[in-house]
Amino acid sequence: MAFLKRSPWILHYDASSCNGCDIEVLACLTPLYDVERFGIINTGNPKHADILMITGGINELNRAVVKNLYEQMPEPKVVVAIGICAATGGIFRECYNIAGGVDKVIPVDVYVPGCAARPEMIIDGVVKALGILEEKRAKMTGSAQAKEETRHAAEAGEST
Amino acid sequence: MNWLIGAVLFLILAPITGGLIAGIDRKITARMQGRVGPPLLQPFYDVGKLFEKERAVVTTAQNFYVLAYLIFIALSGALFFAGGDLLLIVFAFTLAHVFLVLGAYAVHSPYSHVGAGRELIQLMAYEPMIILAAVGFYMVSGSFYVADIVTTTVPAILYLPGVFLGFAVILTIKLRKSPFDISTSHHAHQEIVKGITTEFSGSTLAQVEIAHWYENVFLLGFVFLFFAWNPVIGIVAVAITYLAEIFVDNVTARARWQAALKSGWLAAILGIVNLAILSYMMLGGA
Ligand code: SF4
């Protein structure tokens with residue numbers, strides 16, 4: 001029952017990147033790299049997405065947007081920060097409007113380094129993210145079961 | 001008894017067939033674009049995945065509507081494969097889509113509303129043609145019952161070429177393929193977010209997908225009726241029609257909704273002309 005690993009849908013958000021990393025993300029979808037081989041689909045909808053791919057750093061304007069996108073994604077979900085900008089702010093980190101990397105706002109699971117990150121690296125990062133996604137799913141079903149059991153136990157306690 | 005077997009077989013086998021067709025579709029599409037494409041069973045992985053996700057629901061009403069959509073699509077398909085009344089089937093089919101639209105309108109999201117509005121436009125575009133196709137079959141076989149239409153020895157396609165062409169046009173709308181994939185699409189995942197399915201996620205989205213599989217099998221069954229006098233030719237014709245749809249999907253860009261509506265009605269006019277000529281010939285013959 002590990003369908004999640006076979007069908008990760010991606011939401012790609014450009015925070016304040018220079019567009020270099022975005023081009024590389026889109027390159028992954030082209031016939032040369034064709035990530036749909038792995039069932040990966042680039043969806044534009046946070047509610048359908050499993051992996052949030054962010055390029056570029058956080059600035060004061062997109063802080064709320066990134067947070068909102070993250071919160072709209074149903075569990076289990078992972079975040080992949082693409083490029084140095086998304087990791088630390090990169091060459092823009094000294095700018096007056098940049099707060100830093102994506103992890104200033106939301107938890108990041110995988111960092112893909114590079115300026116710009118190469119498509120091979122990005123695919124590698126996604127594969128790594130899939131492992132984490134699977135762990136999270138197992139934990140989620142585990143905790144759901146535990147919750148159910150304590151509820152049952154509580155009910156049994158009440159009835160006696 | 002036969003009708004019951006047909007209905008039960010449809011309910012069990014259609015999701016499997018529909019999923020496989022979707023898988024083949026994606027594979028062929030990828031090859032046409034010079035890509036390797038996902039594995040054949042990818043649609044099943046997708047739906048399995050969706051059931052594993054958290055249930056994030058905006059309004060509970062939307063789940064109810066989507067379930068009703070699935071049930072009515074399955075019902076209309078089951079009626080079809082049970083050999084039921086074509087008119088009843090068409091109405092159940094339409095009702096199903098009304099539920100889907102209601103589900104999308106139940107959420108206060110502009111994207112979902114745009115998608116729902118476009119779904120209604122699609123409904124307006126294809127509805128006349130579907131009913132005309134049913135009338136055409138009646139004129140050829142003398143019955144609205146699928147069971148009778150299948151057993152006629154008359155090659156319906158020779159009498160209804162215009163109706164068939166018209167039906168092929170609205171089939172593009174129904175299969176959610178370009179150029180008429182205006183309400184939601186298998187490709188172009190970033191346009192008006194995801195149209196009518198924007199606010200559905202997890203298992204609700206999975207139900208929409210399964211309903212779509214049912215729907216596709218039902219529609220291909222409808223295509224088969226045109227060639228029912230010879231099952232072998234029928235199956236080949238269905239396969240060719242579907243391949244042509246994939247081809248059209250890949251070589252055209254999305255049209256505006258006005259164009260979709262006009263094309264649907266032009267198809268209907270084609271159908272009407274066909275039926276008019278047919279009735280004229282029949283009167284002349286009598
Ligand atoms: S890491 Fe480099 S290429 Fe990527 S967004 Fe930042 S500056 Fe552009």
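If you're wondering where the values come from, they're calculated on a predicted model, not measured in any experiment. Every chain is numbered from 1, with letters handed out A, B, ... down the list of sequences.
One distance of note links CG of Leu133(A) with CD of Glu52(B); it measures 9.5 Å at 0.5 Å rounding. Distance check, rounded to the nearest 0.5 Å: CH2 of Trp9(A) to NZ of Lys53(B) gives 10.0 Å. To the nearest 0.5 Å, atoms CD (Gln72(A)) and OG (Ser201(B)) are separated by 10.0 Å.
Tyr45(B) and Arg6(A) get closest at one heavy-atom pair: OH-NH1, 3.0 Å. When all heavy atoms of Arg37(A) and Val36(B) are compared, the closest pair comes out as CG-CB, 3.7 Å. Nearest heavy atoms, Asp34(A) versus Arg35(B): OD1-NH1, 2.9 Å.
Applying a 4.5 Å heavy-atom cutoff, the residues of residues 48-60 of chain A that approach chain B are His48(A), Ala49(A), Asp50(A).
The residue among Gln42(B), Glu54(B), Arg26(B), Lys27(B) with the most heavy atom pairs within less than 4.5 Å of chain A is Glu54(B). Between chain B and the residues Pro31(A), Pro8(A), Ser7(A), the most heavy-atom pairs under 4.5 angstrom are made by Ser7(A).
There is no contact between Phe51(B) and chain A, counting heavy-atom distances below 4.5 Å. Interface residue Leu50(B): only side-chain heavy atoms are found under 4.5 Å from chain A.
Atom NZ of Lys128(A) has 12 or fewer neighbouring heavy atoms from other residues, nucleotides or ligands inside a 6.0 Å radius.
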